[in-house]
Amino acid sequence: MKKISRVKDSASLRSVAMAELKKTGMTPDKILSFDNEARVTALLEHPNIVPIYEIGHQDGTPYFIMKEIHGETLGSILKKIEKQDSDYINKYNLSALLNIFLKVSDAISYAHSRHIVHLDLKPDNIHVGSFGEVLVIDWGLAKNLEQDPLVKYHHQVTSEIGIEDTLDGFVKGTIGYMAPEQARGENSEKDERTDIYSLGAILYSILTQQSPYSNKDIKAAIAMISQGEYIPLTEDKLPEALCAVIKKAMSLEKEDRYQNVEKLSHDIQLYLQGFATSAQEANYADILKLFFKRHALTMTLIGSFILLLLLSGILFIINLHEKEQRAIKSANEAKKNELIAKQNEQKAIEHFNSFVNATKEKEKLEQVSLPLALRR
């Protein structure tokens, strides 16, 4: 629909990006859409939304000037992670990707506060800079909910449009990331929750590096999206809390989704902080498990201290038992020695008594034998 070139601002001498509507196939509808993108984006002044510097016409061709952005798209990053690029795996772990997601959510939350919905959120429309910059780009399908929607009907969607291309017709959005109401062509039903579905699909891609829908057949894919039949998540290999968040955000019925972006962001923040999410419906066991995980270092120290106390107690009891056994053994030996002493004492008394008796007998014998001996 448009081409983007790097140009030099003659006043400030800085490089900026110039978006121009392609002259080939220029139609009133495309001019209106291009102008809508420029003006909607210009209305949104947010750190995570690409700023617009100027809107105008040059030789009958509409253009707008915006900030020149560097880096790559989130879609490109996820593809490199999928290909097991070690540099990207190390730089963009799950926490880093979720922080990028939160910045995108902040931008969309701000847009919704201005009653503007993006309606084409996908990894390729999220630009990540080398120094942590995150920008939501391509607001070509954006809709101002405060204005009467201009609904254009086109009865055919040609198979020439690739699966990652924007469908500019009755069905508008990107296959894989559009909400069921977009796939059904219910343009009057599009609102903030339509973007929330797309945010859920982006979160799906962050976890799996895949699109929620992989059917290359356009009509079949649209039919699947209309029924909310995305590829099921392998929950045994993915964080349960985030799977619950994705399921809630990508609910078929809008009433079952998060009703605003702030609640979705809050659940992601809860997950990053180690708490249970509202979508998870965690039981007491899950909450306790998360508590231990959240305070892993403290619980490890407490556990080590308790283990040390237990070991000290066990060693004290063992030592006390050994002392008690030694005391019992000593007491037994003392009793034994006492018994032997008593026995020896008894023998001594007996010997003494025998000696006394022998002495008395000797004296008696002397008394009898001495006179006898003298007479003789």
Any side-chain heavy-atom pair from E72 and V128 closer than 4.5 angstrom? no
Can you see which heavy atom on I175 is nearest to which on A221, and at what distance? CG2-CB, 3.8 Å
Does K2 NZ have over 12 foreign heavy atoms under 6.0 Å away? yes
Measuring only between side-chain heavy atoms, which start at C-beta, is T73 closer than 4.5 Å to L78? no
Rounded to the nearest 0.5 Å, how far does CD of Q210 lie from CG of L233? 11.5 Å
For the NZ atom on K247, are there more than 12 heavy atoms of other groups (residues, nucleotides or ligands in this structure) within a distance under 6.0 Å? no
Is a side-chain donor-acceptor pair under 3.5 Å present for E262 with S109? yes
More than 12 heavy atoms from other groups under 6.0 Å of CZ on R326: yes
Is there a path from I206 to I231 through hydrophobic residues (I, L, V, M, F, W, Y) whose side chains come within less than 4.5 Å of each other? yes
With E181 as reference, evaluate R193, K254, K190, R257 under the salt bridge (charged side-chain N to carboxylate O under 4.0 Å, His left out) test and give the passing residue. R257
Is atom NE2 of H266 surrounded by more than 12 heavy atoms (other residues, nucleotides or ligands) closer than 6.0 Å? no
Over all atoms of both residues, closest heavy-atom pair of A38 and F64: CB-CD2, 3.4 Å
So does F34 get a backbone contact from the side chain of E37, meaning a donor-acceptor N/O pair under 3.5 Å? no
Taking atom CD of E192 and atom CG of L145, what is their separation to the nearest 0.5 Å? 5.0 Å
Using atom types as modelled and distance alone, determine if a side-chain donor or acceptor of K23 lies under 3.5 Å from a backbone N or O of G60. no
Side-chain heavy-atom pair I196, V261 within 4.5 angstrom cut-off: yes
As a test of understanding, state which of K80, K83, E82 forms a side chain to side chain contact (heavy atoms under 4.5 Å, CB included) with Q209. E82
Side chains of Y177 and K122 only: does a donor on one sit below 3.5 Å from an acceptor on the other? no
Is a donor on one side and an acceptor on the other found under 3.5 Å between the side chain of N48 and the backbone of D106? no
With a 4.5 Å heavy-atom cut-off, do L43 and I52 have their side chains touching? no
Shortest non-hydrogen separation from Y258 to S278 and the atoms involved: CE2-OG, 4.2 Å
Would you indicate whether the side-chain heavy atoms of N319 and E322 approach each other to under 4.5 Å? yes
Ignoring hydrogens, what is the shortest heavy-atom contact between A201 and G176? Give both atom names and the distance. CB-O, 3.9 Å
Walk me through it: do L119 and D195 pass the test side-chain contact (heavy atoms from CB on, under 4.5 Å)? CA-CA 6 Å; L119 301 179; D195 278 349; 4.2 Å; yes
Crowded around E45 CD? As in, over 12 foreign heavy atoms under 6.0 Å? no
Path from Y92 to L238 over hydrophobic side-chain contacts below 4.5 Å: yes
Inter-residue atom distance I49.CD1 - L44.CG, 0.5 Å rounding: 4.5 Å
Non-hydrogen atoms of P180 and Y197 that approach each other most closely: CD-CE1, 3.5 Å
Is it true that W139 and I65 fall in one hydrophobic cluster, defined by side-chain heavy atoms closer than 4.5 Å? no
Could you tell me the separation between the CD1 atom of I31 and the CG atom of N36, rounded to the nearest 0.5 Å? 13.5 Å
Distance in Å, N357 CG paired with E350 CD, rounded so as to fall on 0.5 Å steps: 11.5 Å
Is there side-chain contact between V134 and L102, with at least one heavy-atom pair below 4.5 Å? no
Hey, which of H57, Q58, E54 is the one that makes side chain to side chain donor-acceptor pair (under 3.5 Å) with Y63? E54
Residue pair L207 / P239, side-chain heavy-atom distance below 4.5 Å: yes
Salt bridge (charged side-chain N to carboxylate O under 4.0 Å, His left out) between D35 and R39, intermediate numbers included: CA-CA 6 Å; D35 185 64; R39 297 188 185 282; 3.0 Å; yes
Before you tell me yes or no, could you show the steps for F101 and S105 under side-chain contact (heavy atoms from CB on, under 4.5 Å), namely the whole-Å CA-CA distance, both residues' side-chain angles and the distance that decides it to 0.1 Å? CA-CA 6 Å; F101 180 84; S105 298; 3.5 Å; yes
Pairs in or reaching into residues 346-376: which pass ring pair (Phe, Tyr, Trp, His ring centres under 6.0 Å), with residues at least two apart or in two chains? none
Would a distance-only check, ignoring hydrogens and angles, find a side-chain to backbone donor-acceptor pair under 3.5 Å from N144 to I116? no
In the single-linkage hydrophobic clustering (I, L, V, M, F, W, Y; side-chain heavy atoms under 4.5 Å), do Y110 and I126 co-cluster? yes
Checking side-chain contact (heavy atoms from CB on, under 4.5 Å) for the pair N125/V136: CA distance, chi angles, key distance, verdict? CA-CA 6 Å; N125 281 345; V136 179; 5.6 Å; no
I need the N90 CG to D85 CG distance, nearest 0.5 Å. 9.0 Å
So, for Q259 and E255, which heavy atoms are closest and what is the spacing to 0.1 Å? NE2-O, 3.2 Å
For the pair H118 (side chain) and I137 (backbone), establish whether a donor and an acceptor sit closer than 3.5 Å, ignoring hydrogens and angles. yes
Determine whether a donor-acceptor pair (N or O, by modelled atom type, separation under 3.5 Å) exists between the side chain of S211 and the backbone of Y213. yes
Close side-chain approach of K67 to Y53, heavy-atom, < 4.5 Å: yes
According to a 4.5 Å side-chain heavy-atom criterion applied to Ile, Leu, Val, Met, Phe, Trp and Tyr, with indirect links allowed, do L252 and M178 form part of one hydrophobic cluster? no
Stepwise side-chain contact (heavy atoms from CB on, under 4.5 Å) test for V245 and L203: CA-CA 9 Å; V245 170; L203 188 58; 3.7 Å; yes
